[in-house]
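Single-structure report; data block below.
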Amino acid sequence: GWAQADFGSKMATQAAAAKFKRAERAFAAKNYKEAAEQASEFRKSYRSSNLALDATGIVCNSEMAMGQISDAVSCFL
């Protein structure tokens, strides 16, 4: 419960996972604009997350799918 010492870190982990899932779902639904936005927000908020690299991939691949080739290439570098 909330009285446990690790409650805050567990909630932060849950929040990060939920944010990443929104980006992942948007990408799977081919809603690339939303996927890029959600994944970008994830990267800004959770830089040290083990999912940060995956979020970068969602951003880059979404940009490529939207035809934003120069942005996608920069993203991959």
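With rounding to the nearest 0.5 angstrom, the CD atom of E41 is 3.5 Å from the NZ atom of K19. Within the model, atoms CD of Q68 and SG of C75 stand 10.5 Å from one another, a figure rounded to the nearest 0.5 Å. Between D71 atom CG and S62 atom OG the span is 12.0 Å, to the nearest 0.5 Å.
Closest heavy-atom contact between A16 and F42: O-CE1, 3.1 Å. When all heavy atoms are compared, the tightest approach of A55 to A39 is O-CB, 3.5 Å.
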Check step by step if side chain to side chain contact (heavy atoms under 4.5 Å, CB included) holds for F20 and Q38. CA-CA 7 Å; F20 182 79; Q38 291 292 327; over 6 Å; no

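Evaluation of the side chain to side chain donor-acceptor pair (under 3.5 Å) test over residues 43-56, restricted to residues two or more places apart or in two chains, returns R43-T56.
F27 and L51 fall within a single hydrophobic cluster, where Ile, Leu, Val, Met, Phe, Trp and Tyr are joined by side-chain heavy atoms under 4.5 Å apart, directly or via other members. The same ILVMFWY cluster, assembled from side-chain heavy atoms under 4.5 Å apart, contains both I58 and M66. The hydrophobic clustering, which links ILVMFWY residues whose side-chain heavy atoms are closer than 4.5 Å, places L77 and L53 apart.
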